[in-house]
Amino acid sequence: MDIVTGGLQALESAGPTAVWLVVVTFVFLECAVIIGLFLPGDSLLITAGVVLASAPAGEHHLWALSLSTIAAAVVGNQVGYVLGRRTGSRLVTRPGGRYLTPENLHRVKLMVERHGFWAVLIARWIPWVRTLCPMVAGAAEMNHRSYTVASTIGAVIWAPVLLHIGFHAGGWINRVDWLMPVVIGGLTAMLLIGTAIGLRRYRQEMSRCAEEIPVAEV
């Protein structure tokens with residue numbers, strides 16, 4: 001139990017810096033580039049909220065982190081849109097993939113074409129769609145102003161809501177002394193395992209795509 005308590009104390013002392021760095025980086029990547037398909041963004045935000053609930057001045061950090069994650073999501077969306085605009089659909093239609101398939105791309109494209117503003121707004125809550133939607137919107141040359149407004153509203157709602165869910169759940173968990181170390185340890189382990197599995201799937205996906213791309217003969 002001393003080891004768990006010591007680990008929790010170390011996490012709390014590093015809390016704001018470590019949590020901010022990891023969360024902001026993951027949110028940006030999930031909203032900007034293909035690797036975001038394989039990152040546990042939603043669960044990471046909830047876990048960050050739980051951790052901040054046990055940190056000194058946690059509520060202040062909660063609001064500041066909410067603003068930071070909103071900014072990271074908005075910037076990531078713009079990067080994804082520009083990538084899609086410049087590369088068209090080539091970036092996400094490489095053959096041979098299990099996740100980056102023409103079928104998945106087509107679903108997102110139909111959603112953007114049929115529902116436009118609302119599709120971008122709703123996409124924020126669907127993990128793999130959240131990553132593909134900015135690129136598809138850019139490739140489809142969706143009106144940039146409309147896209148920016150929708151993606152920004154989505155970011156403003158998405159990140160703070162999940163962080164606050166975790167924070168208030170953490171406040172309840174804090175009432176039981178022994179429960180917080182167990183919950184944080186479990187959530188951290190799940191995130192590490194989920195990230196490792198996600199990165200492994202990403203490498204497999206890229207390898208599978210590369211094997212299917214014909215090599216030009218010299």
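This chain uses plain numbering: 1 for the first residue, then up along the sequence.
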Enquirer: CE of Met142 to CZ of Arg85: how many Å apart, nearest 0.5 Å?
Expert: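 Result: 11.5 Å between the selected atoms.
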Enquirer: Are Phe167 and Trp63 connected into the same hydrophobic cluster when the rule is that any two of I, L, V, M, F, W, Y join if their side-chain heavy atoms are below 4.5 Å apart?
Expert: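 No, because Trp63 and Phe167 fall into different hydrophobic clusters, even though each may have its own neighbours under 4.5 Å.
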Enquirer: Do the non-hydrogen side-chain atoms of His115 and Ile122 ever get within less than 4.5 Å of each other?
Expert: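 Not in contact.
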Enquirer: Flag yes if Leu65 and Leu29 sit in one hydrophobic cluster, no otherwise; membership is Ile, Leu, Val, Met, Phe, Trp, Tyr, and two members link when side-chain heavy atoms are under 4.5 Å apart.
Expert: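 Yes, because Leu65 and Leu29 connect within a single hydrophobic cluster, where side-chain heavy atoms sit under 4.5 Å apart.
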Enquirer: State, yes or no, whether a side-chain contact exists between Asp42 and Trp158 at a heavy-atom distance under 4.5 Å.
Expert: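 They are in side-chain contact.
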Enquirer: Could you pull out the closest heavy-atom pair between Leu44 and Val23, with the gap in Å?
Expert: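 Looks like CD2-CA, 3.8 Å.
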Enquirer: Would a single hydrophobic cluster contain both Val156 and Leu162, if residues Ile, Leu, Val, Met, Phe, Trp and Tyr are joined by side-chain heavy-atom contacts under 4.5 Å?
Expert: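 Unlinked, Leu162 and Val156 end up in two clusters.
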Enquirer: Within the 4.5 Å heavy-atom criterion, are Val27 and Leu45 side-chain neighbours or not?
Expert: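 Of all side-chain heavy-atom pairs linking Leu45 with Val27, at least one is under 4.5 Å.
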Enquirer: Considering non-hydrogen atoms only, spot the tightest contact between His164 and Ser66 and give its length.
Expert: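 Closest pair (atom of His164, atom of Ser66, distance): CE1-OG, 4.1 Å.
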Enquirer: Is it the case that one hydrophobic cluster holds both Ile46 and Trp125, taking links as side-chain heavy atoms less than 4.5 Å apart, direct or via other members?
Expert: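 Shared cluster, yes.
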Enquirer: Would a hydrophobic clustering, with Ile, Leu, Val, Met, Phe, Trp and Tyr connected at side-chain separations under 4.5 Å, put Val74 with Phe28?
Expert: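 Different clusters.
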Enquirer: At their closest point, which heavy atom of Leu163 faces which heavy atom of Ala48, and how far apart are they?
Expert: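 In terms of heavy atoms, the two residues are closest at CD2-CB, 3.9 Å.
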Enquirer: List the atom of Val161, the atom of Ile157, and the distance in Å for their closest heavy-atom pair.
Expert: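 That closest heavy-atom pairing would be CG2-O, 2.9 Å.
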Enquirer: Taking all non-hydrogen atoms of both residues, which atom of Ala159 and which atom of Thr69 are closest, and how far apart?
Expert: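 It is CB-OG1, 3.3 Å.
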Enquirer: I need the minimum non-hydrogen distance between Ala32 and Met135, along with the two atoms involved.
Expert: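 Taking Ala32 first and Met135 second, the nearest heavy atoms are O-CE, 3.2 Å.
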Enquirer: Please round to the nearest 0.5 Å and tell me the distance separating atom CZ of Arg86 and atom OH of Tyr81.
Expert: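 OH of Tyr81 is found 12.0 Å from CZ of Arg86.
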Enquirer: Roughly how far apart are Leu21 CG and Ser68 OG, rounded to 0.5 Å?
Expert: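 Output value for this atom pair is 11.5 Å.
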Enquirer: Only distances under 3.5 Å count here; give the side-chain donor-acceptor pairs of residues 148-155 to other protein atoms, sequence neighbours excluded, each with its distance to 0.1 Å.
Expert:
from   : atom 1 : to     : atom 2 : distance (Å)
Thr148 : OG1    : Gln78  : NE2    : 3.1
Thr148 : OG1    : His144 : O      : 2.8
Ser151 : OG     : Tyr147 : O      : 3.0
Ser151 : OG     : Thr148 : O      : 3.1
Thr152 : OG1    : Thr148 : O      : 2.7

Enquirer: Quick one: ring pair (Phe, Tyr, Trp, His ring centres under 6.0 Å) partners of Trp118, sequence neighbours excluded?
Expert: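 Trp118 satisfies ring pair (Phe, Tyr, Trp, His ring centres under 6.0 Å) with no residue once adjacent residues are dropped.
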Enquirer: Holding to side chain to side chain contact (heavy atoms under 4.5 Å, CB included), I want the full list of residues that pass it with Thr131, two or more places apart in sequence or in another chain.
Expert: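 Partners of Thr131 by the side chain to side chain contact (heavy atoms under 4.5 Å, CB included) criterion, ordered by chain and then number, come out as Glu30, Leu37.
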Enquirer: Heavy atoms, side chains only, cut-off 4.5 Å: are Arg124 and Cys31 in contact?
Expert: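 In short, these two side chains touch, coming nearer than 4.5 Å.
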